[in-house]
2 protein chains.
Amino acid sequence: MTRTPRQDDRRDRLIEAAARLFRKQGYERTSVRQLAEAVGILSGSVFHHFDSKEDILLAVMSTTITTMIERLREAAGSASTTRGRLLALIQTELDLLHGNTRDGVSIIFFQWNSLSNANQKELLAMREEYERIWLDALQAARDGGALNAEPFIARRLLTGANGWTIYWYHRDGALSLDELAGTILGMLTGSLSRGQAEVIRGSEV
Amino acid sequence: MTRTPRQDDRRDRLIEAAARLFRKQGYERTSVRQLAEAVGILSGSVFHHFDSKEDILLAVMSTTITTMIERLREAAGSASTTRGRLLALIQTELDLLHGNTRDGVSIIFFQWNSLSNANQKELLAMREEYERIWLDALQAARDGGALNAEPFIARRLLTGANGWTIYWYHRDGALSLDELAGTILGMLTGSLSRGQAEVIRGSEV
DNA sequence: CAGTCTACCAAGCGCTTGCTTGGTAAGCAA
DNA sequence: TTGCTTACCAAGCAAGCGCTTGGTAGACTG
């Protein structure tokens with residue numbers, strides 16, 4: 001039997017497997033035994049790496065939010081115009097939801113209530129950091145006249161619209177993520193039709 | 001001990017309690033014992049009214065969808081213009097989500113995956129009936145030039161945006177449901193600002 | 001007023017759950 | 001070589017789960 005101490009790869013693999021299974025089956029319907037089996041250990045051994053099952057969910061969410069903030073901050077910085085920044089944020093959130101971070105990100109969106117209140121509080125500051133980036137961009141868009149609605153309302157509608165895509169959007173379909181992002185931006189700002197995404201990103205307002 | 005035979009009120013009360021508890025706690029985290037306690041019977045007695053726990057969820061969803069279809073059909077028929085009809089549908093869906101049907105409707109939106117595949121199939125025809133009303137209205141809006149996006153994409157974005165309101169919208173806040181509906185219609189059709197809802201409903205396109 | 005049906009209780013069964021315990025082989029440091 | 005640490009296994013515990021069983025009081029039916 002191979003032992004690989006001084007190397008937390010089992011822990012990381014557990015987080016990965018948990019993200020995958022939690023997304024597919026939900027947190028409650030995923031047992032610790034399933035998690036253990038997914039990485040090739042017995043159920044009791046899971047508790048060598050984590051104090052509780054919920055701690056695994058917390059770890060999944062925590063590492064995911066960190067990535068989300070990082071990616072969104074990058075996107076916000078990459079665009080030079082108000083509208084271009086908004087598009088970049090939408091594209092990024094969609095990519096977070098459908099790229100290789102999708103397991104964790106879906107869990108952030110739709111398994112939030114499986115976390116105890118105490119642990120929700122623990123992550124709230126990070127979530128707010130993520131939302132702050134959005135609200136700043138939306139406020140700028142509003143100041144510039146590109147957005148009609150109040151930023152925080154627009155963001156919440158957007159959160160739902162984007163998050164819900166995990167239930168119907170498939171990357172291998174006819175609709176590309178950038179096209180979808182363009183459609184969403186068009187709705188938000190009320191003028192853009194699909195397929196113009198590339199034109200706008202980086203150009204003037 | 002009061003017995004009231006020939007009267008299915010316990011069954012109805014169970015469905016009601018289930019809707020409430022499933023929404024608040026989730027289906028998996030709600031036990032049959034809790035459901036029983038909510039209506040004042042013992043856990044075993046629940047299975048006099050339902051074959052299984054999942055059957056209760058099915059009953060909640062089934063009765064809810066029936067109401068949803070009914071209400072949405074009414075709304076679609078009440079408006080004389082394309083845009084007015086769209087607004088009526090949005091208002092109705094928001095009211096379904098936040099009025100006295102909100103428990104069941106929230107469950108339709110967010111506990112769908114707790115149903116077994118077999119039971120999902122059972123309800124699919126009803127869901128499609130509901131969506132058909134939406135798609136017809138959106139298609140008409142598109143034909144009339146009021147909507148830029150493809151109807152089925154618009155609807156899915158809308159589904160997410162509307163459904164997500166259960167996580168942040170509160171009736172007793174400053175924002176009224178009709179104002180919110182106006183904002184959403186404005187985004188969909190790309191021209192309306194908030195507060196104009198009443199003006200548009202029933203007027204010409 | 002006997003027979004049937006409805007709506008429940010009391011008890012508990014079989015199973016799964018998250019988690020604990022005690023032990024051990026392998027790796028590392030001195 | 002000794003001693004400590006890491007990463008696991010083997011076994012199982014207590015609690016809770018959905019659900020079943022056998023029985024009974026009251027209401028309804030002929």
Side-chain angles (χ1 to χ4, degrees), chain A residues 1-22 24-61 107 111 113-120, chain B residues 1-22 24-61 107 111 113-120:
Chain A
M1 199 131 295
T2 45
R3 302 283 169 100
T4 49
R6 301 243 155 271
Q7 201 181 339
D8 260 350
D9 91 308
R10 270 272 155 65
R11 190 175 195 277
D12 290 343
R13 285 184 55 205
L14 266 171
I15 293 180
E16 231 179 274
R20 198 178 65 250
L21 290 168
F22 288 169
K24 275 180 67 176
Q25 314 180 341
Y27 173 75
E28 286 83 7
R29 281 186 297 273
T30 302
S31 70
V32 172
R33 283 166 178 82
Q34 276 183 292
L35 295 177
E37 200 190 347
V39 302
I41 59 178
L42 290 190
S43 70
S45 308
V46 168
F47 296 93
H48 171 71
H49 300 282
F50 295 95
D51 284 347
S52 67
K53 184 189 175 188
E54 198 185 321
D55 260 24
I56 304 176
L57 180 61
L58 186 66
V60 169
M61 289 189 170
I107 288 166
Q111 310 267 318
N113 290 329
S114 296
L115 261 195
S116 66
N117 286 357
N119 279 332
Q120 284 185 15
Chain B
M1 199 130 296
T2 45
R3 299 284 169 99
T4 49
R6 297 247 156 267
Q7 202 181 339
D8 261 349
D9 91 309
R10 270 273 155 64
R11 189 175 195 275
D12 290 343
R13 285 184 55 205
L14 266 171
I15 293 180
E16 231 180 274
R20 197 177 66 249
L21 290 168
F22 289 169
K24 276 180 68 177
Q25 313 179 342
Y27 173 75
E28 286 83 6
R29 281 185 297 274
T30 302
S31 70
V32 173
R33 284 165 178 81
Q34 276 183 291
L35 295 178
E37 200 190 347
V39 302
I41 58 176
L42 291 190
S43 70
S45 308
V46 168
F47 296 94
H48 171 72
H49 301 282
F50 296 94
D51 284 346
S52 67
K53 183 189 176 188
E54 199 185 322
D55 259 23
I56 304 176
L57 180 60
L58 186 66
V60 169
M61 290 188 169
I107 287 166
Q111 311 265 321
N113 289 330
S114 296
L115 262 196
S116 66
N117 286 357
N119 279 332
Q120 284 185 13

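Not measured: the values here are computed from a predicted model. In the text below, chain A, chain B and the rest are named by the order of the sequence lines, each starting its count at 1.
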What is the separation between atom CZ on A:R33 and atom C1' on C:dC15, rounded to the nearest whole Å?
11 Å
Work out which heavy atom in A:A38 is nearest to a heavy atom in A:R20; give both atom names and the distance.
CB-NH2, 4.2 Å
Working note: A:L35 + A:F22, criterion side chain to side chain contact (heavy atoms under 4.5 Å, CB included); need CA distance, chi angles, decisive distance, verdict.
CA-CA 10 Å; A:L35 295 177; A:F22 288 169; 4.2 Å; yes
Within this structure, what is the CD-to-P distance between B:Q25 and D:dC17, rounded to whole angstrom?
11 Å
Using side-chain hydrogen bond (donor to acceptor under 3.5 Å, both in side chains) as the criterion, list what pairs up with B:S114, not counting sequence neighbours.
A:R29, B:E28
Candidates C:dC19, C:dT17, D:dG18 - which lies nearest the side chain of A:F47
C:dC19
Find the distance B:E54:CD to D:dC17:P and express it as a whole number of Å.
18 Å
Could you tell me how far apart B:K53 (NZ) and C:dT16 (C1') are, to the nearest whole angstrom?
13 Å
For A:H49 and D:dA7, give me the distance from atom NE2 to atom C1', rounded to whole Å.
6 Å
Per the under-4.0 Å heavy-atom filter, residues of residues 37-46 of chain A near DNA chain C come out as A:S43, A:G44
Just the rounded figure in Å: distance from P of C:dT17 to CG of A:L35.
11 Å
Using the six-membered ring of B:F47, assess whether NZ or CZ of B:K53 lies under 6.0 Å from its centre and within 45 degrees of the ring axis.
no
To the nearest angstrom, how far is B:L14 atom CG from C:dA7 atom C1'?
12 Å
Could you list the residues that satisfy side-chain hydrogen bond (donor to acceptor under 3.5 Å, both in side chains) with A:E16, not counting sequence neighbours?
none
Closest to the side chain of A:H48, out of C:dT20, D:dC19, D:dA7, is D:dA7
Whole angstrom value for the distance that separates C1' of C:dG18 from CG of A:L57:
15 Å
Among C:dC19, D:dC17, D:dC19, the one nearest any side-chain atom of A:S52 is C:dC19
B:I56 and its side-chain contact (heavy atoms from CB on, under 4.5 Å) partner, picked from B:V32, B:V46, B:D51, B:L14:
B:V46
Once rounded to the nearest 0.5 Å, what's the spacing between atom CG of A:D12 and atom NE2 of A:H49?
10.0 Å
